[in-house]
Amino acid sequence: MTTNSWIAIDAMGGDEGLAVMLAGVAEARRRFDGTHFFLVGDEAKIAEGLKNHPNLTANSEIVHAPEVIKGDEKPSAALRRAKITSMGVAIDLVKQGRAAAAVSSGNTGALMAMAKVSLRTMKGIDRPALAGLMPSLGPNDTVVLDLGANTECDARNLMQFAVMGAAYARTQLDLASPRVALLNIGTEDQKGTEEIRDAAQALRDATHLPLTFAGFIEGDKLSRGDVDVIVCDGFSGNIALKTAEGTARFVADLLRRAFSSSMRSKIGFLISRPATELLRHHLDPNNHNGAVFLGLNGLVVKSHGGANETGVANAIAVAAKSVRDDLARKIAEDLKYFEAHEPEGAVA
């Protein structure tokens, strides 16, 4: 068994508990038959839970970690307990080279802090970014970053996010030259902060990169599918993501209420059920779960805290695909190429 076939799972993290995490791993194991898992957490509880998933026994190994990071725990406090927590031990397995990636549904701030301290950032990266996939009307999902790791970013940070996001889109979406846009309050060149305008100019000049700069994009176009990668600071990105998720839930609840309002509506629901099921599938965040911390010397994937077993399996799928496609190496190569061809006077 090669190191690349092993993924470390923080089995104790997340809102839904151990049972959902193990069910998600079992589903992922069926999808990726050659993948093996380190199940990190309370050994006795994991062993008991595995009785419900005998198919995992031959493909997993329990790694004991006595403590769990709380959902509201401050990153500084979490760091002090990293070596004895399921989240910290899972990340350490990546650092040791025993696992190719780590997946956790736990506290995002703590996960970011632990991953950054343990794995360090790649050469040429000032700050790692959290990148996820957002559903769109286009032929593929849209990569959005940063989703909350960095609340304030300068032009150089945004440039690095663009390079990493494009590399991620090439691996996850199989695109040769992803279309990249900067999230802004307008599409005109003079709109936005100085940092955004400077990053846009630098991206226009970076014709040597394997991406196509598409200018600015506004919030109402996030899901149109007009671009493949949307770059922003973590403050704006997190708000955009939560707004999109809230809107999806609103639409789903509105349809549910409308279709149950009368007998005629219920009959209408039965007639239109194939279309509404397709809509429900598209709007369900579990079907787009799994955000990657890009820019680290190792792969760490954040699963949504409230993800169900399918959501957990999809987050693991993101990790497995990133390992298979050698995402970290491709990002490092793009960064090296970017710096070697960076024009004089570009963003510092």
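Because only heavy atoms are used, hydrogens play no part in the values below, and waters and symmetry mates are left out as well, while side chains stay in.
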Determine whether more than 12 heavy atoms belonging to other residues, nucleotides or ligands lie under 6.0 Å from atom CZ of Arg224. no

Does the pair Leu296 and Arg120 meet the rule for a side chain to side chain contact (heavy atoms under 4.5 Å, CB included), with working shown? CA-CA 6 Å; Leu296 297 171; Arg120 306 293 181 183; over 6 Å; no

Enumerate the side chain to side chain donor-acceptor pair (under 3.5 Å) contacts for residues 209-223, please, sequence neighbours excluded, ordered by first and then second residue. Ser177-Thr212

How about [X] and [Y]: do any of their side-chain heavy atoms sit closer than 4.5 Å?
| X | Y | value |
| --- | --- | --- |
| Asn150 | Asp233 | no |
| Met21 | Ser105 | yes |
| Val144 | Leu241 | no |
| Val231 | Leu203 | no |
| Leu18 | Ile46 | yes |
| Ile125 | Ile331 | no |
| Leu299 | Leu119 | no |
| Thr142 | Leu133 | no |

Are the side chain of [X] and the backbone N or O of [Y] linked by a donor-acceptor pair below 3.5 Å?
| X | Y | value |
| --- | --- | --- |
| His304 | Gly306 | yes |
| Glu73 | Lys70 | yes |
| Arg179 | Asp226 | yes |

Minimum heavy-atom separation for [X] to [Y], with atom names?
| X | Y | result |
| --- | --- | --- |
| Met12 | Gly41 | CG-CA, 3.5 Å |
| Val180 | Ala162 | CG1-CB, 4.1 Å |
| Asp228 | Leu173 | O-CD1, 4.4 Å |
| Met114 | Thr85 | CE-OG1, 3.8 Å |
| Ile69 | Ala110 | CG2-CB, 3.8 Å |
| Ser118 | Lys95 | OG-CD, 3.3 Å |

Applying side chain to side chain contact (heavy atoms under 4.5 Å, CB included) to Thr108 and Leu130, what does each step give before you reach the verdict? CA-CA 10 Å; Thr108 304; Leu130 187 60; 4.2 Å; yes

Are Trp6 and Phe37, when compared by the centres of their aromatic rings, separated by less than 6.0 Å? no

Is a donor from one side chain sitting under 3.5 angstrom from an acceptor on the other, for Asn59 and Arg29? yes

Please tell me whether Ser303 and Asn289 have a donor and an acceptor in their side chains that are separated by less than 3.5 angstrom. yes

Say you draw a straight line from SG of Cys153 to CG of Asp146; how long is it, rounded to the nearest 0.5 Å? 6.0 Å

Does [X] pair with [Y] as a salt bridge, N-O distance under 4.0 Å?
| X | Y | result |
| --- | --- | --- |
| Lys302 | Asp10 | no |
| Arg170 | Asp174 | no |
| Glu188 | Lys191 | yes |
| Asp126 | Arg156 | yes |
| Glu61 | Arg98 | yes |

Please determine whether residues Ile230 and Val292 belong to a single hydrophobic cluster, defined as Ile, Leu, Val, Met, Phe, Trp and Tyr linked transitively by side-chain heavy-atom distances below 4.5 Å. no

Start with the C-alpha gap between Thr171 and Tyr168, add the side-chain angles, then the distance that decides, and say whether side chain to side chain contact (heavy atoms under 4.5 Å, CB included) holds. CA-CA 5 Å; Thr171 60; Tyr168 185 54; 4.2 Å; yes

Which residue pairs pass the salt bridge (Lys or Arg N to Asp or Glu O under 4.0 Å) test when at least one of the two sits in residues 41-50, sequence neighbours left out? Glu48-Lys51

Output all residues satisfying ring-ring contact (aromatic ring centres under 6.0 Å, His included) with Phe216, sequence neighbours left out; order by chain, then residue number. none

Partner of Glu27 under side-chain contact (heavy atoms from CB on, under 4.5 Å), picked from Val312, Thr310, Ile316, is Thr310

For Leu39 and Val25, what are the C-alpha separation, side-chain angles and deciding distance, and is it a side chain to side chain contact (heavy atoms under 4.5 Å, CB included)? CA-CA 9 Å; Leu39 304 175; Val25 175; 4.2 Å; yes

